[in-house]
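First comes the structure, then the notes that go with it.
Ligands are counted one by one from 1 in listed order, and the atoms in each one are counted from 1 as well.
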Amino acid sequence: MDPVRNPFAPGAGTQPPELAGRDQIISAAETATLRILQGRHDKSQILLGLRGTGKTVLLNKIEQIAEDAGFLTSFIEAPETQTLAQLMFPKVHQVLRKLSVIEASRKAAQDGMRALRNFAAMFKVTIGDVTIHTEPEPGIADSGNLEYDLIDLFLRVGEAAKAAGKGWALLIDELQYLNEKELGALIVAIHRINQRNLPIIFFGAGLPQIAALTGDAKSYAERLFDYPPVGALDAKAAHSAIQQPIEQEGERIEPDALDMIVSNTEGYPYFLQEWGYQSWNAADASPITTTDVITASHAALKRLDDGFFRVRLERLTPKERDYVLAMAKLGKGPYRSGDVADQLGEKIQTLGPRRAQIIRKGMIYSPGHGDIDFTVPMFDDFLRRTQIV
Ligand SMILES: Nc1ncnc2c1ncn2[C@@H]1O[C@H](COP(=O)(O)OP(=O)(O)OP(=O)(O)O)[C@@H](O)[C@H]1O
Ligand SMILES: [Mg+2]
């Protein structure tokens, strides 16, 4: 059918034509933003899910919801290599600048700017090649302890936002790339701010391993945050993710063909988009049939193998690759670390650092003690299909 009218949107963070199966998460975010703005308590949320399940898309949607509710928003994608202080600086600066042009919050925003300058000097934030040097004004955001200084900074931002009758929503994607200390400090700081009923809310997203925090941050986080799982869509939502967009275009898909797509993709959002996209293009005319879906499956798998799966494999060193290949040889996950070691003919202790490094790269995670699994759905199939001869 006409490829120009193809409604499907396979990609990273690309808005799907039908955001299926996420009503609960969305309505919880709507309620939370409205409550926080009224000075009531509500929970921040951390969306946890595997690769390609729709976390970024949801976080974008939530940012929109927060903006509509009257929040200033800061969206950060944590890369693997930068510090949280460095990432926060330009975002907080931008928010304070917006608040400083509002009469009611000018003074509080200026206080915030002073705190931000201290914070930047303390944590050696750079802009371009220049490190920020100022004489820190004693007393605000200058302890050098990230947790305390974030609290100070957030307090100032919260007070300025409140004075303007607005809120501030901080959204951080790829949270697993923050180190444990940063994530802990962030969580504790958000908690402190919420205790003072300041209008700040935090939404995060990341791979499931970030649930494994330690110490204070963990006890705070368990009580104060919700962790909505963002997984494969259930059968009903998966059907509607394919059917709705097609019908919206005035076309049809046969029920058997629809079932075939849902079963081939196991309901994973990224795969649904890819299968929908290829099935539309494979069909000569409406309705899309099972024959079309079979043709599309070859094309979809090839696109995944050459893109989604391959880019992730290429981030591993040869030794790390051996490790994940050994996992795939064992069949479907989760895998016992001991079994992977046996498969490689090595000792489990010797493999510890390698395993930890692959976790840091976000390729595998530990769903339970001593267990390991892929963060990319169907990655084991990919490895068996393309790497193991
Ligand atoms: N609820 C949904 N229904 C249908 N399609 C969806 C849904 N959520 C996301 N998608 C589609 O899935 C794909 C992946 O979405 P997204 O990039 O948000 O996933 P992600 O979880 O952030 O992945 P990653 O962990 O790799 O960053 C996109 O093509 C998007 O359009
Ligand atoms: Mg994402």
Side-chain angles (χ1 to χ4, degrees), residues 6-29 45-65 75-80 171-178 203-211 227-249 253 258 261-262 264-281 300 303-304 307-315 359-365 373-379 382:
N6 192 328
F8 294 100
T14 44
Q15 196 61 40
E18 165 82 4
L19 186 57
R22 306 296 189 212
D23 295 353
Q24 257 185 348
I25 296 176
I26 291 170
S27 82
Q45 296 181 22
I46 298 185
L47 313 172
L48 294 182
L50 302 181
R51 290 289 177 202
T53 49
K55 301 179 295 299
T56 301
V57 158
L58 266 173
L59 219 48
N60 282 323
K61 171 84 184 167
I62 293 172
E63 180 178 31
Q64 191 60 55
I65 289 169
F75 193 108
I76 294 174
E77 183 183 330
E80 271 169 279
L171 303 104
I172 306 187
D173 200 2
E174 304 282 356
L175 263 187
Q176 73 280 350
Y177 291 140
L178 297 185
F203 293 98
L207 297 173
Q209 62 244 43
I210 55 181
Y227 294 89
V230 180
L233 300 181
D234 63 26
K236 187 161 162 271
H239 278 82
S240 111
I242 295 292
Q243 193 170 10
Q244 288 290 346
I246 293 173
E247 292 183 352
Q248 205 82 51
E249 285 297 325
I253 177 164
L258 187 55
I261 293 182
V262 172
N264 282 343
T265 58
E266 295 176 16
Y268 280 105
Y270 185 79
F271 301 157
L272 282 166
Q273 294 303 321
E274 197 66 75
W275 254 260
Y277 185 82
Q278 299 296 341
S279 300
W280 175 286
N281 287 353
R303 287 246 315 191
L304 290 173
F308 187 73
F309 291 131
R310 186 164 309 278
V311 293
R312 299 204 148 84
L313 185 63
E314 281 171 357
R315 301 187 52 232
I359 292 180
R360 251 194 305 281
K361 287 188 176 177
M363 274 302 310
I364 60 176
Y365 74 110
D373 207 347
F374 290 108
T375 59
V376 183
M378 302 191 199
F379 202 71
F382 159 72

Any N or O of [X] that comes nearer than 3.5 Å to an N or O of ligand 1?
X      : result
Ala241 : no
Phe308 : no
Leu19  : no
Gln15  : no
Leu207 : no
Ala12  : no
Leu233 : no

* To do: Give a yes/no on ligand 1: does Gly11 have at least one heavy atom closer than 4.0 angstrom to it?
  =>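 Under 4.0 Å: yes for Gly11.
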Looking at [atom], what's its closest protein heavy atom, distance included?
atom                    : value
atom 29 (O) of ligand 1 : Ala9 O, 2.7 Å
atom 31 (O) of ligand 1 : Thr14 O, 2.5 Å
atom 23 (O) of ligand 1 : Gly52 N, 2.8 Å
atom 10 (N) of ligand 1 : Pro269 CB, 3.5 Å
atom 11 (C) of ligand 1 : Gln273 CG, 3.6 Å
atom 17 (O) of ligand 1 : Gly13 N, 2.6 Å
atom 2 (C) of ligand 1  : Ala20 N, 3.6 Å
atom 15 (O) of ligand 1 : Gly54 CA, 3.6 Å

* For Trp280, enumerate each residue passing the side chain to side chain donor-acceptor pair (under 3.5 Å) test, keeping only those at least two apart in sequence or located in another chain. =>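 With neighbours one apart ignored, the set is empty.
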[X], portion touching ligand 1 at heavy-atom distance under 4.0 Å:
X     : answer
Pro16 : both
Glu18 : backbone
Lys55 : both

* Under 4.0 Å to a heavy atom of Thr53 - the qualifying atoms of ligand 1, by number -> 19 (O), 20 (P), 21 (O)
* Pull out every atom of ligand 1 sitting under 4.0 Å from any heavy atom of Arg312, numbered as shown with elements. =>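 Once the distances to Arg312 are compared, the set is 26 (O).
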* To do: With 2.8 Å as the limit, jot down which protein N, O or S atoms are around the Mg ion (ligand 2).
  => Thr56 OG1
* **Partner of Phe309 under ring-ring contact (aromatic ring centres under 6.0 Å, His included), chosen from Phe374, Phe382, Tyr270** => Phe382
* **Taking every non-hydrogen atom, the tightest pair across Gly362 and Thr375** => O-OG1, 2.7 Å
* Ile62 and Phe203, any side-chain heavy atoms less than 4.5 Å apart -> yes
